[in-house]
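Below is one structure, written out as structure tokens, with a few remarks after it.
Counting from 1, the numbers follow the sequence of the chain as shown. In this text the structure is predicted, and so the values were computed from the model without any measurement.
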Amino acid sequence: MNNKNLDEVCINTIRFLSVDAVEKAKSGHPGLPMGSAPMAYVLWDRFLRYNPKDPFWHNRDRFVLSAGHGCALLYSLLYLTGFDFSLDDLKQFRQWGSRTPGHPEYGKTPGVEATTGPLGQGFSNAVGMAIAETALAARFNKPGFPVVDHFTYVEASDGDLMEGIASEAASLAGHLGLHKLIVMYDDNKITIEGATDLAFTEDRMARFAAYGWHTQRVTDGNDIQALATAIEAARLSDKPAFIDVRTHIGYGSPHKQDTASAHGEALGEEEVRLTKQNLGWPIEPSFYVPEEALGHFRKAIERGRKDQEEWQALFQSYSEEYPELAAEFHRVMQRKLPAGWDRDLPVFNPSEGPMATRQASGQAINAVASRLPELMGGAADLAPSTLTLVKKEANFERDSLDGRNMHFGIREHAMGGILNGMALHRGLIPYGATFLIFSDYMRPPMRLAAMNGLPVIYVFTHDSIGLGEDGPTHQPVEQLLGLRSIPDMVVIRPADANETSAAWKVAIEIENRPVALVLTRQKLPILDPSRFPHMREGVKFGGYILSRAKDGRKPDLIIVATGSEIHLALQTQEKLLADDVRVQVVSLPSWNLLQQQPDRYRSELFPPGIPVLAVEAGVSLGWKPYIGEGVHVIGVDTFGASAPGSTVMEKYGFNADNVRNRTLEILKQRKSNT
């Protein structure tokens with residue numbers, strides 16, 4: 001069999017494994033794999049550096065299927081090239097407990113680099129991976145020792161390019177000149193509703209050229225030589241590369257090629273038969289893999305072993321020449337923290353206050369940055385307000401690739417996806433910052449970070465109506481509850497500078513979940529560590545008794561609060577002494593962390609039979625199911641208002657007199673009911 005015929009057999013093997021998987025499941029997206037199999041084959045067979053037997057080899061190329069609905073394509077490639085992935089796995093496509101879910105899921109399937117499917121997310125993840133590769137190369141590579149030297153490839157669809165997150169990420173990638181990033185655009189001109197001309201007619205090539213990308217067009221997506229030539233040219237460019245590949249969705253299907261019905265539904269038994277006949281493929285058996293095709297694909301195992309061994313030999317020489325750098329590289333890639341990394345975390349005294357928790361956060365970032373060179377991040381054009389710059393460090397720019405301060409621009413959505421990509425790559429502790437209200441713009445990638453267990457840190461400042469004059473458009477009300485509702489997301493709203501310092505320690509030590517730090521714009525008193533000795537340790541438990549009832553008596557009521565409202569709780573505790581009411585104050589910086597504590601610990605904070613009043617400048621929804629039906633809430637169940645922050649808080653009832661009166665009402669009602 002000549003090479004041309006073998007290539008065609010290999011491409012059709014990918015196509016029909018994908019078709020058969022979708023057909024067996026009676027669910028899925030066969031059209032993309034059928035149309036884009038040639039470009040995927042050329043990339044995986046001739047360019048992509050990977051080792052199927054070690055999917056986490058540090059210097060592998062990354063392949064991100066941003067068009068995650070076409071995952072049958074990726075699963076077919078993983079089986080064919082010899083990953084720990086069987087034909088039976090492929091036959092269980094979209095079934096309960098399988099390793100072949102309906103969209104790729106990181107951590108579930110070996111060889112899947114990112115969870116994709118929500119369109120545009122994979123694109124932005126890839127930009128983050130390319131940033132990580134570039135930053136680590138600048139830090140660790142030495143003349144003659146390119147120990148960090150790999151490409152990030154993306155397959156993207158029309159839908160990916162329509163989503164705003166891809167535009168945001170592509171703009172930043174072009175600005176940064178991320179030349180190790182190559183996007184192959186599956187330009188099949190079809191979406192679920194019909195032709196892309198219904199809503200998508202701009203010149204995509206001109207658009208990416210304007211972003212600062214190297215652009216090419218392959219007019220025939222089945223021309224493997226043209227595909228190979230384009231990829232080679234992209235690899236040689238000094239810019240990120242965009243290759244527009246004209247493909248045909250559902251290629252080979254007599255009735256469904258170039259139609260919307262090929263996108264998201266099985267072809268049907270009769271159409272599968274006709275398509276196989278049309279492309280000269282055996283109708284039976286299903287999941288047929290010619291021996292010559294499998295033998296060719298499995299050469300990837302030996303090729304990958306050789307590539308990895310060559311890199312390991314290079315790294316061994318590097319280790320002898322630069323032993324400290326080599327040890328450091330292993331440390332950061334394994335996500336291990338160095339001894340004493342938290343030694344300089346600040347402890348604040350009341351004499352330094354008052355201090356906004358965003359200010360304390362800025363000091364904490366700079367305290368650990370010198371001991372954690374892998375800490376890298378920035379803000380969505382709000383660093384002067386979020387206080388997230390690392391002082392005395394350069395900006396990460398195309399002419400200073402060793403910089404650690406990221407400038408994401410006003411691109412919150414892309415920032416979230418890029419942070420995920422940086423975390424997926426490994427080697428960095430990424431963080432990103434904006435105002436809490438704008439966390440809504442980045443909710444989709446935050447959800448994926450939690451789903452994937454990624455150690456991403458979010459710094460959200462201007463956390464409540466207390467920010468003041470900017471008014472309700474900028475005053476978050478429902479955002480805290482929304483973030484808390486994301487499974488496996490850790491949300492920490494510290495009460496003062498010392499809780500903030502402790503929160504940063506927690507955030508960095510958590511290895512398998514994202515953490516959102518929710519911080520104030522307004523200045524707050526600093527709680528005295530000598531008076532409240534459990535503060536710093538209490539944060540890691542999510543909640544703790546900050547101030548017990550006076551005179552050691554059993555409390556009449558418990559006030560639980562978060563963030564800035566803790567100070568209001570303490571004021572009220574003192575005020576109620578004149579009414580002979582004993583109050584216990586519980587600081588609850590993190591619902592999510594407290595939920596992990598045993599019932600015994602939680603019952604110490606909230607003993608049965610004692611009424612609870614929750615005070616938080618956010619929606620009251622959520623407190624009852626969290627604490628119990630007996631909880632009373634002072635919250636904000638409407639939007640804010642434009643006025644000085646102290647005035648807004650006062651008008652919305654966040655003052656000691658109102659909390660005192662509410663407490664007395666609760667106790668009076670309780671007494672009348674007994």
Side-chain angles (χ1 to χ4, degrees), residues 48-51 53-64 83 104-116 121-122 124-141 146-154 178 180-181 304 307-308 311-312 314-315 318-319 325-338 341 368-369 371-377 396 401-402 404 406 415-432 445 448-458 488 507-515:
L48 198 70
R49 295 175 69 231
Y50 61 101
N51 184 354
K53 300 306 178 185
D54 186 0
F56 293 103
W57 167 37
H58 296 321
N59 204 45
R60 70 191 182 280
D61 290 337
R62 273 66 169 175
F63 173 75
V64 178
F83 282 78
E105 295 181 30
Y106 174 76
K108 180 166 287 189
T109 312
V112 170
E113 298 283 5
T115 296
T116 58
Q121 296 295 328
S124 62
N125 293 166
V127 173
M129 293 175 186
I131 287 171
E133 190 274 343
T134 302
L136 292 169
R139 181 181 173 197
F140 288 104
N141 288 357
V147 294
V148 181
D149 182 20
H150 54 263
F151 284 86
T152 300
Y153 296 94
V154 184
L178 300 176
K180 293 289 190 69
L181 174 64
D307 285 342
Q308 186 169 355
W311 179 82
Q312 288 172 332
L314 174 71
F315 195 85
Y318 176 78
S319 301
L325 273 178
E328 179 72 355
F329 179 79
H330 275 306
R331 181 187 71 76
V332 299
M333 294 303 290
Q334 293 168 5
R335 291 179 177 158
K336 301 296 183 184
L337 296 173
W341 71 270
V368 300
R371 296 185 182 275
L372 291 177
E374 65 267 37
L375 184 68
M376 180 177 175
F396 179 79
L401 297 175
D402 56 347
R404 295 168 63 186
M406 289 287 302
M415 178 172 71
I418 289 167
L419 292 171
N420 287 353
M422 293 166 72
L424 285 162
H425 183 282
R426 301 178 78 94
L428 300 173
I429 299 175
Y431 68 90
L448 290 174
M451 189 181 299
N452 294 324
L454 300 181
V456 176
I457 300 172
Y458 309 104
D488 296 321
I508 288 174
E509 288 181 335
I510 289 179
E511 297 180 0
N512 58 357
R513 281 175 296 169
V515 178

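- The salt bridge (Lys or Arg N to Asp or Glu O under 4.0 Å) test applied to Asp54 returns no partner, not counting sequence neighbours.
- Put simply, the side chain of Pro455 reaches to within 4.5 Å of the side chain of Arg335, judged on heavy atoms.
- In this structure, the separation between CG on Asp402 and CE on Met376 is 9.5 Å, given to the nearest 0.5 Å.
- Looking at Met451 and Tyr106, their side chains never come closer than 4.5 Å, going by heavy atoms from C-beta outward.
- For Phe329, the ring-ring contact (aromatic ring centres under 6.0 Å, His included) partners two or more places apart in sequence, or in a different chain, are His58, Phe140, Phe315.
- Not counting sequence neighbours, the partners of Tyr458 by the ring-ring contact (aromatic ring centres under 6.0 Å, His included) test are Phe460.
- For the pair Trp341 (side chain) and Leu372 (backbone), a donor-acceptor distance under 3.5 Å is absent.
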Review point. Between Glu374 and Arg404, does a salt bridge (charged side-chain N to carboxylate O under 4.0 Å, His left out) hold up when you go through it step by step?
Key: CA-CA 8 Å; Glu374 65 267 37; Arg404 295 168 63 186; over 6 Å; no
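- Among residues two or more places apart in sequence or in another chain, the side-chain hydrogen bond (donor to acceptor under 3.5 Å, both in side chains) test is passed with Gln312 by none.
- Evaluation of the side-chain hydrogen bond (donor to acceptor under 3.5 Å, both in side chains) rule for Asp307 yields no partner, not counting sequence neighbours.
- The side-chain hydrogen bond (donor to acceptor under 3.5 Å, both in side chains) test applied to Asp61 returns no partner, not counting sequence neighbours.
- For the atom pair Ile457 CD1 and Leu375 CG, the distance stands at 6.5 Å (nearest 0.5 Å).
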